[in-house]
Q: 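Below: one structure in structure tokens.
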Amino acid sequence: MTELTELTAVRLLEGYRKGEWGPVEATRAVLERAEAVQPEVNAFVRLTAEEALEQARESEERWRRGEPRGLLDGVPVTVKDILLQRGAPTLRGSRAVDPAGRWDEDAPSVARLREHGAVFIGKTTTPEFGWKGVTDSPLSGITRNPCDPSRTAGGSSGGSAAAVALGAGPLSLGTDGGGSVRIPASFCGIFALKPTYGRVPLYPASAFGTLAHVGPMTRDAADAALMMDVIGHPDSRDWSALSAPAGPYTDGLAGGVRGLRVAYSPSLGGQVAVQPAVARAVRRAVERLAELGAYVTETDPDLTDPVEAFHTLWFSGAARVTQHLGPHQRELLDPGLREICARGARYSALEYLAAVDVRMDLGRRMGRFHDTYDLLVTPTMPLTAFEAGAEVPKGSGHRRWTGWTPFTYPFNMTQQPAASVPVGADTDGLPIGLQLVAARHRDDLVLRAAHALYEARVASVGGVRPSGS
């Protein structure tokens, strides 16, 4: 019997068209899975079973009439609890947010999913205001890795990654300001894309400014392309949104990698210490790209670690997020968040602008790099998932989460499209991710190369069977 929770969105939709199953059956299966795994993994802030089943029934009637609404009619989706969703409180992982709001508006990406008939299963967990690369918060506790609940799921879109990996909906909306879809995708063994900044509109505007992206978290690259065809269109509420793409991302998936110029940087020029199992898995995947016809060169982009500039931008954003809070509300915050907010509030305008200068120069360097290379390949993370409930790995010597995420945040600063593709596991069975990066506006190349890795079975379709199933 087909396990509906293990199917991609593309396969679910094919089954709807053929009458093999319907949206109600699929939604019930996903809700059962979500409820079963929630006590151990804690991926959800809330599940909305009644509303989801009503949406599924409406979808099933449209399919019965042969009149599906849009590209995702009846597909179960989840939404990170950073993004507004009409009728559901968006608490952002914080006890300082009042749940008794109006909650009568969808974020642009959520609105596009609704227009295309998606079925909303629930809101997924986030660290408070999405501030760090792991997912725990004073509001919802610790989100755990679906492959090993003693380990972290990563963050800040950790709930979304765990939900997709466990079959609690094939699609999820995440946000990424420094790696927040790619980090948990790498740790949980799924696919995630941080699109070019502005490709997916964001409203309300993030206090983290143009570091903040919205992107799909899915079971494979084909699902992400389909999701991008829905959410990757302008919205008047986001003044920085890009115009509509030239054509569907799904149409470009089959192009393969033959002839593409690929730069492979194992450690950003020796700047990053990478675990041996991670290095081996990524190198094997790169060798397969060469076998598929890509021109692969082992080389490094011209960049030095911009972490201090990133901290200036990121910590200032965090201070702005919490600026309106009174003393009592501040006492409710995650202690680490309070600490970086205090630091962010001390930066001067000149220090902030100096960080912007670093960012602009980094963008220039990467722009020139992509005059020569179509794609940059790195590990997504230099390590696999570490202990749950910690911001940094024990004994690492790192002070903040940025210490162990050096491959991700530079490409938020440059606004480039970047994806994490699952390409193996270490000896403990913990997933390993490969990162694909392209020049701004070349999201199509990232998706195309990722799809080629799936077609060649280098990448595994994300999914974890819960214990006891």
Q: Give the C-alpha distance, both sets of side-chain angles, the deciding distance and a yes or no for side-chain hydrogen bond (donor to acceptor under 3.5 Å, both in side chains) between T78 and T124.
A: CA-CA 7 Å; T78 57; T124 57; 5.1 Å; no
Q: Applying the ring-ring contact (aromatic ring centres under 6.0 Å, His included) criterion to F208, which one of F310, Y197, W314 satisfies it?
A: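 Output: one option passes, namely W314.
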Q: Are D235 and R112 within salt-bridge range, i.e. N to O under 4.0 Å?
A: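 So D235 pairs with R112 through a salt bridge.
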Q: Step by step, work out the salt bridge (Lys or Arg N to Asp or Glu O under 4.0 Å) result for D302 and R368.
A: CA-CA 9 Å; D302 176 26; R368 294 296 299 271; over 6 Å; no
Q: Tell me every residue that passes side chain to side chain contact (heavy atoms under 4.5 Å, CB included) with D305, counting only those two or more places apart in sequence or in another chain.
A: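 Only Q271, V307, Y409 meet the side chain to side chain contact (heavy atoms under 4.5 Å, CB included) criterion with D305.
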Q: Please work out which of the three classes, parallel, tilted or perpendicular, describes the rings of F369 and Y373, given edges at 30° and 60°.
A: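 The rings of Y373 and F369 sit tilted, inter-plane angle from 30° to 60°.
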Q: Can you sort out the partners of R364 under side chain to side chain donor-acceptor pair (under 3.5 Å), two or more places apart, ordered by chain and number?
A: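 R364 satisfies side chain to side chain donor-acceptor pair (under 3.5 Å) with D361 only.
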Q: I would like to know whether E14 and R17 meet salt bridge (Lys or Arg N to Asp or Glu O under 4.0 Å); could you show each step before the answer?
A: CA-CA 5 Å; E14 180 186 353; R17 282 191 291 271; 5.8 Å; no
Q: Between H370 and R440, is there a side-chain heavy-atom distance shorter than 4.5 Å?
A: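 Sidechains of H370 and R440: no contact.
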Q: How about CZ on R399, more than 12 heavy atoms from neighbouring residues, nucleotides or ligands closer than 6.0 Å, or not?
A: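 Open.
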Q: Classify the ring geometry between F386 and W404 as parallel (under 30°), tilted (30 to 60°) or perpendicular (over 60°).
A: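 Judged by the thresholds at 30° and 60°, the geometry between F386 and W404 is perpendicular.
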Q: Run the numbers on E291 and R288 for salt bridge (Lys or Arg N to Asp or Glu O under 4.0 Å), then give the verdict.
A: CA-CA 5 Å; E291 291 169 4; R288 189 71 178 110; 3.1 Å; yes
